[in-house]
Amino acid sequence: MDKQTNTVHTQQMSPDAYGALNMPVYHSAAFGFPSAKAMADAFVGRTDAPTYSRVTNPTVTYFENRVRQLSGAQNVFAFNSGMAAISCTLMALAASGKNIVTSPHLFGNTVSLLKNTLGRFGVETRFVDLLDSEAVANAVDENTACLFLEIITNPQLEVADLRILADIAHKRNVPLVADTTIIPFTQFGASALGVDIEVVSSTKYISGGATSLGGLVIDYGHFPQLYRSMKFELLYNLGSYMTPQVAFMQTNGLETLDLRYRVQADNALELAQRLRQVPEIKAVNYNGLPDNEFHEVAKKQFGGTYGAMLTIDLEDKQSAFEFIDRLQLISRATNLFDSKSLAIHPASTIFGAFAGSQRRAMNVRDTTVRLSIGMESVDDLYQDIIQAVRKD
Ligand SMILES: *Cc1c(COP(=O)(O)O)cnc(C)c1O
């Protein structure tokens, strides 16, 4: 069946009492059972009947099943934020004395999770240049819990070759875990590129216009430890499972995901091409531009689309601030892939708590403005950027 058809026709687990065409929101903390035996079966995983909404809920399961069908994954877990999905995945795989190999170019909270939170529990993080396969191979050893990366780093827009990283990891029987937030999982085959586990902030493209926070773990089943820890330990102990009303909103988001993405990615490419002609803009960074350093590897991996985030560099920090202040249509906000376009100065916000030297090491520049491109007309976005960039 065609993917889009599949997206809007996932079967509900049991027939609905009223024949509801949308999966209802099951706002119930607990679920009843016909017998002690049925209850015991559900609690130890012999059946998948819902028990308690901290660990399973029919509306959330329905959302997970849709993602499972669309991704071809073996298991999908939905969490109440991208950070919950990432932290639960790393906690399922790592332990005191183990290490995680990753890039220094990561989402700010993920860096802090690794360095501060997991570091406090005895997990070492080895930050290496993932574009340097020798350095990666040297960092991975028998105590490596996973090789972790973001498929397009933010805001550097760096793209590592997943196949090369997967080969290094798999030689040591180490899972390759990829944060694929930046390109929807429906647009490319992460598993075919060697990714074992995808983590996604579904807050971004999937939520459908920034309606809600959410996270996904998409597990291709190559490392069964993940499923066991998630299902029987972390969901129970950490309590960060998605809530049913969010699952309802994000199920609706999935139905329009590919349509919205196509418009946003096309808009981003068109704008990137136009903005590089503007003299006040010193650089436009977008993987879709043919002369971008990572264009070829991005093209090979991500099915010919390049996401809806780009960055521009202006003269200096003051110009970047003035530009953001003058925007009229584009909102001053964090977040990515809302239907509305958004602008932010990463160095002073998302990375504001880092020292200048740390920011330089991460290549987060004072001159950079990050733009998340929405579904407005490209002409209107272009006009807004032009009026903001020109100091008349
Ligand atoms: C936003 C984001 C996260 C965190 O997701 P939340 O849903 O905000 O917790 C993680 N990784 C990337 C790449 C993101 O863009």
Among Ile, Leu, Val, Met, Phe, Trp and Tyr joined by side-chain contacts under 4.5 Å, find the other residues sharing a cluster with Phe248 and list them by chain and number.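 In the cluster with Phe248 are Val25.
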Hydrophobic cluster (4.5 angstrom, side-chain heavy atoms) - remaining members for Phe33: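 Taking Ile, Leu, Val, Met, Phe, Trp and Tyr as members, Phe33 shares its hydrophobic cluster with Met39, Phe43.
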Exceeds 12 heavy-atom contacts within 6.0 angstrom, atom [atom1] of [X]:
| X | atom1 | result |
| --- | --- | --- |
| Asp48 | CG | no |
| Phe354 | CZ | yes |
| Gln358 | CD | yes |

Looking at [options], which one forms a side-chain contact (heavy atoms from CB on, under 4.5 Å) with [X]?
| X | options | result |
| --- | --- | --- |
| Arg370 | Leu336, Leu310, Leu342 | Leu336 |
| Arg68 | Thr10, Ile218, Val76 | Val76 |
| Leu149 | Leu106, Val177, Leu176, Val101 | Leu176 |
| Phe79 | Ile86, Leu235, Leu216 | Leu235 |

Linking I/L/V/M/F/W/Y whenever any side-chain heavy atoms sit under 4.5 Å apart, do [X] and [Y] land together?
| X | Y | value |
| --- | --- | --- |
| Ile182 | Ile312 | no |
| Ile350 | Met362 | yes |
| Ile324 | Ile386 | yes |
| Phe77 | Leu90 | yes |
| Phe323 | Ile330 | yes |

Can you sort out the partners of Phe321 under ring pair (Phe, Tyr, Trp, His ring centres under 6.0 Å), two or more places apart, ordered by chain and number?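 Here the qualifying residues are His345.
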Can you see whether Glu376 engages Ser341 through a side-chain donor-acceptor pair at a distance of less than 3.5 angstrom?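 A donor-acceptor contact under 3.5 Å links the two side chains.
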Counterpart residues, side chain to side chain donor-acceptor pair (under 3.5 Å), relative to Asp141 (two or more places apart):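 In terms of side chain to side chain donor-acceptor pair (under 3.5 Å), with neighbours along the sequence ignored, Asp141 is linked to Asn99, Arg126, Thr144.
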Using the side chain to side chain donor-acceptor pair (under 3.5 Å) criterion, which residues pair with Gln264? Sequence neighbours excluded.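 With neighbours one apart ignored, the set is empty.
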Can we say [X] and [Y] salt-bridge, meaning some charged N sits less than 4.0 Å from an Asp/Glu carboxylate O?
| X | Y | result |
| --- | --- | --- |
| Glu280 | Arg390 | yes |
| Lys300 | Glu296 | no |
| Lys282 | Asp316 | no |
| Lys231 | Asp219 | no |

What ring-ring contact (aromatic ring centres under 6.0 Å, His included) pairs are there with at least one residue in [range], not counting sequence neighbours?
| range | answer |
| --- | --- |
| residues 91-127 | none |
| residues 134-187 | none |
| residues 257-280 | Tyr205-Tyr261 |
| residues 269-314 | Phe188-Phe302, His295-Tyr306 |

Dump the intermediate steps for side chain to side chain contact (heavy atoms under 4.5 Å, CB included) on Tyr62 and Gln12, then the final yes or no. CA-CA 7 Å; Tyr62 182 73; Gln12 299 178 12; 3.9 Å; yes
Before you tell me yes or no, could you show the steps for Gln318 and Glu322 under side-chain hydrogen bond (donor to acceptor under 3.5 Å, both in side chains), namely the whole-Å CA-CA distance, both residues' side-chain angles and the distance that decides it to 0.1 Å? CA-CA 6 Å; Gln318 194 189 339; Glu322 287 171 7; 2.7 Å; yes
Worked verdict on Arg163 versus Asp167 for salt bridge (charged side-chain N to carboxylate O under 4.0 Å, His left out): CA-CA 6 Å; Arg163 198 64 261 174; Asp167 288 346; 3.5 Å; yes
Quick check against the 3.5 Å criterion: does [X] have a side-chain atom that pairs as donor or acceptor with the backbone of [Y]?
| X | Y | value |
| --- | --- | --- |
| Asn138 | Glu134 | yes |
| Thr59 | Pro24 | yes |
| Thr56 | Thr51 | no |

Could you go through the side-chain hydrogen bond (donor to acceptor under 3.5 Å, both in side chains) check for Ser212 and Gln250 one step at a time? CA-CA 8 Å; Ser212 47; Gln250 301 209 351; 3.0 Å; yes
Would Arg359 count as a cation-pi partner of Phe351, with NZ or CZ less than 6.0 Å from the six-membered ring centre and within 45° of the ring normal?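 No, a cation-pi geometry is absent between Arg359 and Phe351.
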Distance in Å, Gln187 CD paired with Thr305 OG1, rounded so as to fall on 0.5 Å steps: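 Going from CD on Gln187 over to OG1 on Thr305, the span is 4.5 Å.
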Any chance you could measure Met91, atom CE, to Leu118, atom CG, to the nearest 0.5 Å?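 So the CE of Met91 and the CG of Leu118 are separated by 6.5 Å.
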Salt bridge (Lys or Arg N to Asp or Glu O under 4.0 Å) involving Arg46 - partner list, sequence neighbours excluded: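 Applying salt bridge (Lys or Arg N to Asp or Glu O under 4.0 Å) to Arg46 gives Asp41.
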Show me the donor-acceptor pairs, under 3.5 Å and distance only, between side chains in residues 15-22 and residues at least two apart or in other chains.
unit_1, atom_1, unit_2, atom_2, d
Asp16, OD2, Tyr18, N, 2.9
Asp16, OD2, Gly19, N, 3.1
Asp16, OD2, Ala20, N, 2.9

I would like to know whether Ser377 and Asp379 meet side-chain hydrogen bond (donor to acceptor under 3.5 Å, both in side chains); could you show each step before the answer? CA-CA 5 Å; Ser377 102; Asp379 287 339; 5.0 Å; no
Listed once per pair and sorted, the salt bridge (charged side-chain N to carboxylate O under 4.0 Å, His left out) pairs that draw on residues 330-349, sequence neighbours left out: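 For residues 330-349, and leaving out neighbouring residues, there are no salt bridge (charged side-chain N to carboxylate O under 4.0 Å, His left out) pairs at all.
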